[in-house]
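Hydrogens, waters and symmetry mates play no part in the numbers below; they use all other heavy atoms, side chains included.
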Number of protein chains: 2
Amino acid sequence: MSTARAPEGYDKYAFEPFAVTVDLAVLTVREQRLHVLLVERGQEPYAGAWALPGGFVLPRESSESAARRELAEETGLSDATVAGLHLEQLRTYSEPDRDPRMRVVSVAYTALVPDDLPEPRGGGDAAQARWLPYGTHGPLAFDHDRILADARERVGAKLEYTCLATAFCPPEFTLGELREVYETVWGVELDRPNFRRKVLATPGFVQAVEGPPRLTGGRGKPAALYRAGSATALHPPLLRPEGRSST
Amino acid sequence: MSTARAPEGYDKYAFEPFAVTVDLAVLTVREQRLHVLLVERGQEPYAGAWALPGGFVLPRESSESAARRELAEETGLSDATVAGLHLEQLRTYSEPDRDPRMRVVSVAYTALVPDDLPEPRGGGDAAQARWLPYGTHGPLAFDHDRILADARERVGAKLEYTCLATAFCPPEFTLGELREVYETVWGVELDRPNFRRKVLATPGFVQAVEGPPRLTGGRGKPAALYRAGSATALHPPLLRPEGRSST
DNA sequence: CCAAAAGTGTTAACAGTACACCCATGC
DNA sequence: GCATGGGTGTACTGTTAACACTTTTGG
């Protein structure tokens with residue numbers, strides 16, 4: 001804000017105040033499906049409806065701090081664990097009537113988490129919190145359907161040219177698990193040998209873990225384990241086949 | 001905001017209020033350099049410093065409406081013209097102390113404009129408004145250096161996989177002008193014949209304009225004219241050479 | 001004629017695709 | 001043995017990259 005029209009003695013209370021909140025699209029890959037963490041609202045408006053977790057930004061915290069705080073509260077994870085999760089600002093939603101009570105501007109974040117988190121618990125005024133397969137829930141409260149759709153689209157696109165997929169995996173994972181992330185989010189099947197070569201040929205995407213391989217659900221040859229590497233960008237990108245959006 | 005802790009009878013004025021503003025990183029390509037539209041602040045804080053144009057979001061408008069309104073005011077363009085310009089939400093900046101006066105959350109937008117706009121005029125409490133080559137200005141007010149750097153990085157990345165470059169060009173342009181956009185933003189030289197083929201091979205990127213070609217600054221063979229096409233995505237992407245960020 | 005920029009053509013290198021095939025494990 | 005998933009090899013194909021060459025303008 002540069003051409004601020006507020007002089008030094010400006011009355012901060014002269015206008016109808018804005019509230020600032022965060023909303024979280026928390027995604028994971030579970031059982032070959034994309035899942036979303038949703039809470040059931042316990043209060044009006046939209047009591048009984050599913051909604052994205054979120055809450056008010058406190059007077060002395062940034063929106064990102066607020067997002068991590070809310071994420072910790074909803075998932076029941078420690079602050080230390082939440083600090084390591086992938087959290088990314090999605091965009092800000094500011095339509096004047098998006099909340100019937102008052103003017104609320106919401107900064108939306110996307111969180112990508114592995115599937116090995118403890119079960120979420122309802123907290124605050126949320127009746128319950130659950131992982132639901134993407135698309136199986138009815139219409140969400142407020143404009144959360146749109147936020148969630150935007151998050152899904154962004155994640156799908158970012159898998160192409162970043163190393164983001166590892167954020168869905170536990171600290172040590174197999175290339176099969178990593179490939180499953182792509183296949184689930186994109187809704188396509190990828191050629192296993194080519195996927196393997198592509199990932200290993202990208203410096204810093206993954207790094208091999210010393211030690212014995214892991215059995216993959218009992219079936220098949222044990223697979224080598226990898227950790228997420230230090231790279232964030234993916235050059236050249238891993239384009240999804242056919243330009244299918246699978247949205 | 002789903003787990004809103006504000007009941008129906010919530011006192012909107014109980015907390016220190018948040019102000020919501022927009023900041024605009026308005027970019028153009030002029031004389032082989034990336035230029036930014038900046039305003040000189042006329043008031044404290046940061047009086048005399050350069051800053052991004054912007055201002056308060058009004059009680060009944062969205063942040064995008066506010067951004068277009070501010071853009072029209074700063075550039076002196078009509079609302080109709082501004083409505084057609086490329087405007088894109090960058091991200092939201094919400095550090096508690098980013099404005100010394102009060103808690104201000106700012107939604108930043110990036111605008112890409114052609115070089116044929118009228119000269120900007122100072123307006124409001126801005127002493128003046130000018131196009132300055134990117135990087136030649138000193139430190140900007142508030143956290144605007146960071147916002148501007150984020151905008152530049154985003155634009156550079158988006159040129160790779162979207163048709164965004166046409167937003168820098170006037171309604172009718174030559175392929176040489178389009179190539180100059182890429183070369184200027186990326187800071188590299190591109191092979192002319194290959195660039196031409198790549199652009200023409202992408203359906204909907206550009207469409208040929210009937211009629212006589214245009215002389216290119218007097219020198220050289222006249223070039224055919226094109227308009228921006230209907231496509232927005234660029235498949236496959238046009239990767240910048242060497243992964244050089246040229247930031 | 002020369003310089004400059006548009007536009008066309010050609011070829012080698014590379015990356016992506018589609019397979020065939022072997023390995024190790026559970027049942 | 002058989003099914004399943006990991007891992008290696010390889011030939012085919014399309015795109016990219018590099019560069020030679022022609023065309024049309026101004027000086």
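Using a 4.0 Å cut-off, some side-chain N or O of B:Arg196 falls inside it from OP1 or OP2 of C:dG7. For D:dG5, neither phosphate oxygen OP1 nor OP2 lies less than 4.0 angstrom from any side-chain nitrogen or oxygen of A:Arg179. Contact annotation: A:Lys198 reaches the phosphate of C:dG16 (side-chain N/O to OP1 or OP2, under 4.0 Å). Contact check, B:Arg192 against C:dA5: no side-chain N or O comes under 4.0 Å of OP1 or OP2.
Counting only heavy atoms from C-beta outward, the side chains of B:Tyr109 and B:Val107 approach each other to under 4.5 Å. You'll find the side chain of A:Thr166 reaches within 4.5 Å of the side chain of A:Phe205, heavy atoms only.
Scanning DNA chain C for stems, defined as runs of 3 or more consecutive Watson-Crick or G-U wobble pairs whose donor-acceptor distances all fall under 3.5 Å, gives the following ranges: C:1-27 with D:1-27.
Cation-pi geometry between A:Arg152 and A:Tyr134 is satisfied (NZ or CZ under 6.0 Å from the ring centre, within 45° of the ring normal).
The structure places CD of B:Glu40 at 4.5 Å from CD of B:Gln128, a figure rounded to the nearest 0.5 Å. The NZ atom of A:Lys158 sits 6.0 Å away from atom CZ of A:Arg154, with the distance rounded to the nearest 0.5 Å. With rounding to the nearest 0.5 angstrom, the CD1 atom of B:Ile147 is 9.0 Å from the CZ atom of B:Arg91.
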Between the protein and nucleotides 17-19 of chain C, list every N/O to N/O distance that falls short of 3.5 Å.
unit_1 : atom_1 : unit_2   : atom_2 : d
C:dA18 : N7     : A:Asn194 : ND2    : 2.9
C:dA18 : N6     : A:Asn194 : OD1    : 3.1
C:dA18 : N6     : A:Arg197 : NH2    : 3.3

Provide a list of protein-nucleic acid N or O atom pairs under 3.5 angstrom, restricted to nucleotides 11-13 of chain C.
none

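Considering A:Val29, A:Leu112, A:Leu178 in turn, A:Leu178 is the only one that fulfils the side chain to side chain contact (heavy atoms under 4.5 Å, CB included) rule with A:Cys169.
Side-chain polar atoms of B:Ser62 and A:Tyr93 form no donor-acceptor pair below 3.5 angstrom. Side chain to side chain, B:Ser106 and B:Asp23 meet the donor-acceptor criterion of an N or O pair below 3.5 Å.
Checked against C:dA6, D:dG6, C:dT25, the side chain of A:Lys221 finds its nearest nucleotide in D:dG6.
Outside the 6.0 Å centre-distance limit, the rings of A:Phe173 and A:Tyr226 are not counted as a close aromatic pair.
A salt bridge is defined here as a Lys NZ or Arg NE, NH1 or NH2 lying under 4.0 Å from an Asp or Glu carboxylate O, and B:Glu119 with B:Arg130 fails to meet this definition.
We find that CG of B:Leu225 is positioned 12 Å from P of C:dA6, with the value rounded to whole Å. The distance from atom CZ of B:Phe195 to atom C1' of D:dC19 is 19 Å, rounded to the nearest whole Å. The separation between B:Glu177 atom CD and C:dA6 atom P is 9 Å, rounded to whole Å.
Nucleic acid contact class of B:Ala224 (heavy atoms, under 4.0 Å, all strands): sugar-phosphate only.
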